[in-house]
Number of protein chains: 2
Amino acid sequence: MKKTKDENTEELILNAAKHIFQSKGMVGARMQEIADKAGINKAMLHYYYRNKQLLFEAVFKNAFSLLAPQLNAVLNDDSSIEDKVKNFTLNYINFIAKHPYLPNFIIQELNRNPGFLLKMKDNPAFPNIEKFKKQVAQEVENGILKPISAEQLFINIMALNVFPFVAKPLLVAFTNTDDETYKQLIEDRKTEVADFIINSIKHT
Amino acid sequence: MKKTKDENTEELILNAAKHIFQSKGMVGARMQEIADKAGINKAMLHYYYRNKQLLFEAVFKNAFSLLAPQLNAVLNDDSSIEDKVKNFTLNYINFIAKHPYLPNFIIQELNRNPGFLLKMKDNPAFPNIEKFKKQVAQEVENGILKPISAEQLFINIMALNVFPFVAKPLLVAFTNTDDETYKQLIEDRKTEVADFIINSIKHT
DNA sequence: AAATTTATTAACCAATTGGTTAAACCATAT
DNA sequence: ATATGGTTTAACCAATTGGTTAATAAATTT
């Protein structure tokens with residue numbers, strides 16, 4: 001039934017779709033282009049995924065399932081806030097280097113269709129802030145952190161880590177850097193961002 | 001020649017195009033939809049703006065020209081870094097409340113077509129980091145600020161202020177908030193973000 | 001007011017696009 | 001070998017879309 005080859009047709013399609021959808025978005029992507037990239041007939045896309053919307057959802061869920069564990073490392077890990085900030089900052093930048101289109105793709109498509117998230121919220125791996133809230137409250141109470149709400153801290157962590165990728169073209173232009181220099185700037189952020197955050201929230 | 005009415009047709013089109021392009025993006029927007037929103041015939045769009053691309057560019061430049069002065073307030077104003085951070089944070093959040101689609105629109109379209117920025121870079125009002133670099137270096141040297149590069153500081157300021165709008169659907173979902181609560185969270189950031197930044201960079 | 005220029009419209013067009021269909025292909029079980 | 005079921009293809013289709021055109025209406029100039 002299934003070809004025991006390197007990639008069966010279904011995966012071939014999903015991979016091609018991933019590339020096209022992530023670089024052109026749902027509306028910009030063309031079914032023919034996906035078929036071409038996969039090296040198969042366009043009818044096969046419909047044979048395996050029925051229509052564009054379902055193929056897109058398969059790609060989106062796939063992308064989201066890559067991102068979720070990264071965020072859960074901040075929200076649900078047992079180490080201290082300080083350690084988690086340090087680890088997340090380091091890991092996330094490495095992670096995105098491997099999936100450069102990912103944050104933009106997810107953000108863009110969710111803004112186009114926010115209802116999309118509802119389909120994922122029941123997933124038990126869906127990132128949730130509750131545990132993190134208790135931990136922040138605890139560390140604030142213990143005098144480890146200065147008073148801050150978990151929500152604001154989480155937003156700040158996300159912002160400082162994700163934004164440089166999302167807004168890369170703008171930031172490259174405003175800071176007068178070329179691609180190579182910008183890459184170095186991002187590299188420096190692996191430690192700088194953590195320090196920036198810790199500096200601000202840690203009680204002295 | 002020109003109607004002295006409230007809005008002439010050209011403006012009518014630009015306004016309608018602004019709404020449609022900003023909510024659906026260049027590829028998602030339909031010329032017919034823009035014409036309908038403007039209450040005119042589709043052929044008029046071509047009469048005034050020749051084609052979709054040129055109409056889009058008019059909208060984009062218009063949006064960009066709204067954003068640029070905001071950023072220049074950080075980069076080129078004469079007040080201290082601390083004051084600029086405080087003012088920008090406050091002003092930017094108010095500004096976006098009036099133009100909610102703007103940051104996403106610009107970021108999305110620039111990622112689709114980064115070459116677009118080249119057309120704007122010659123504009124003298126195009127935000128440039130040079131003056132800000134000197135100022136940061138100066139304040140670091142004077143012991144007002146802890147050592148930090150102007151680029152990283154600028155990226156941090158942008159990230160903390162812009163990201164909560166760009167990633168709103170994601171952040172609402174992860175922080176388990178409804179729209180109203182999120183609005184309040186943003187409101188709190190008018191001062192929280194500035195404190196967060198100052199806390200981190202100011203020498204004690 | 002006649003002529004001319006500008007603004008506006010309805011109808012049309014060619015190209016693109018997501019999706020369908022019917023036939024062919026191919027591996028496996030009988 | 002042949003019947004069977006899933007797989008793949010080429011050709012086709014209806015709808016959408018950006019853009020054009022030729023005729024009309026409304027200003028503006030003469």
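Everything numeric here is computed off the predicted structure, so don't read it as measured data. Lettering follows sequence order; numbering is per chain, from 1.
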Distance check needed: [N] [atom2] versus [X] [atom1], whole Å only.
{"X": "A/I34", "N": "C/dG19", "atom1": "CD1", "atom2": "C1'", "value": "14 Å"}
{"X": "B/E10", "N": "C/dT8", "atom1": "CD", "atom2": "C1'", "value": "15 Å"}
{"X": "B/Q32", "N": "C/dT9", "atom1": "CD", "atom2": "C1'", "value": "12 Å"}
{"X": "A/N51", "N": "C/dT17", "atom1": "CG", "atom2": "C1'", "value": "14 Å"}

Tell me if the side-chain of B/K42 makes a donor-acceptor pair with the base of D/dG19, cut-off 3.5 Å, by modelled atom types. yes
Remember a base hit wins even if backbone is also touched, and classify [X] as base, sugar-phosphate or nothing at under 4.0 Å, heavy atoms.
{"X": "A/M44", "answer": "base"}
{"X": "A/Y49", "answer": "nothing"}
{"X": "A/A35", "answer": "nothing"}

Of the nucleotides [options], which has the atom closest to the [X] side chain?
{"X": "A/I40", "options": "D/dT9, D/dT8, C/dG19", "value": "D/dT9"}
{"X": "B/Y47", "options": "C/dT8, D/dG19, D/dG6", "value": "C/dT8"}
{"X": "B/A43", "options": "D/dT20, D/dT9, C/dT8", "value": "D/dT20"}

Between A/F60 and A/F116, is the ring centre distance below 6.0 Å?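 A/F60 vs A/F116: aromatic centres under 6.0 Å.
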Looking at the rings of A/F88 and A/Y92, which for Trp means the six-membered one, are their centres under 6.0 Å apart? yes
Can you label the angle between the A/F132 ring and the A/F154 ring as parallel, tilted or perpendicular, going by 30° and 60°? perpendicular
Over 60° means perpendicular and under 30° means parallel, so tell me whether B/F174 and A/F64 are parallel, tilted or perpendicular.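 Correct class here is tilted.
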Both A/N41 and B/N41 contact DNA chain C. Taking the nearest nucleotide for each, which residue is further toward the 5' end?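 Going by which nucleotide is closer to the 5' end, it is B/N41.
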Looking at A/R30, does any N or O in its side chain come under 4.0 Å of the phosphate oxygens OP1/OP2 on C/dT16?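 Answer no for this pair, as no side-chain N or O of A/R30 is under 4.0 Å from OP1 or OP2.
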Under 4.0 Å from OP1 or OP2 of C/dA7: is there any side-chain N or O of B/T9 that close? no
